[in-house]
Amino acid sequence: MCRSIKTLRPPVLPEEATEEEIRAAALQYVRKVSGFRAPAAHNQEVFDRAVEVIAEATAELLAGLEVRGTARREAV
């Protein structure tokens, strides 16, 4: 697991995760999986798209999780 990716759900995160936090986690994931901190120009588009897709999936996951003691929230 990439140590710089933090848990983004309550109760670990006391408030709802921000778009910025979700995108940062997605970026760290793509960097870890691809092995590139910053991709070459010819890989930039696919790298950026992967970050966006993973950020969207993360937001959907967080919106759908039911954590004891908290209400489920609407999808982003």
Next on the checklist: Taking side chain to side chain contact (heavy atoms under 4.5 Å, CB included) as the definition, give me every residue that meets it alongside A26, ordered by chain and number, with sequence neighbours left out.
Outcome noted: V51, I54, A55

Checklist outcome for this item: Those residues at least two apart in sequence (or on a different chain) that pass side-chain hydrogen bond (donor to acceptor under 3.5 Å, both in side chains) with D48 are Q44

Checklist outcome for this item: CG of L27 to CD1 of I22, rounded to nearest 0.5 Å, is 14.0 Å

Item to check | side chain to side chain contact (heavy atoms under 4.5 Å, CB included) between T7 and R9, intermediate numbers included | outcome: CA-CA 6 Å; T7 301; R9 66 160 181 82; 3.8 Å; yes

Checklist entry - Sequence neighbours excluded, which residues qualify as side-chain hydrogen bond (donor to acceptor under 3.5 Å, both in side chains) partners of E52? => result R23

Item to check | For T18, side-chain hydrogen bond (donor to acceptor under 3.5 Å, both in side chains) partners two or more places apart | outcome: E21

Checklist entry - Can you name the residues that form a side chain to side chain contact (heavy atoms under 4.5 Å, CB included) with A24, not counting sequence neighbours? => result none

Checklist outcome for this item: Of all heavy-atom pairs linking F36 and F47, the shortest is O-CE1, 3.8 Å

Checklist entry - Would a hydrophobic clustering, with Ile, Leu, Val, Met, Phe, Trp and Tyr connected at side-chain separations under 4.5 Å, put L65 with L8? => result yes

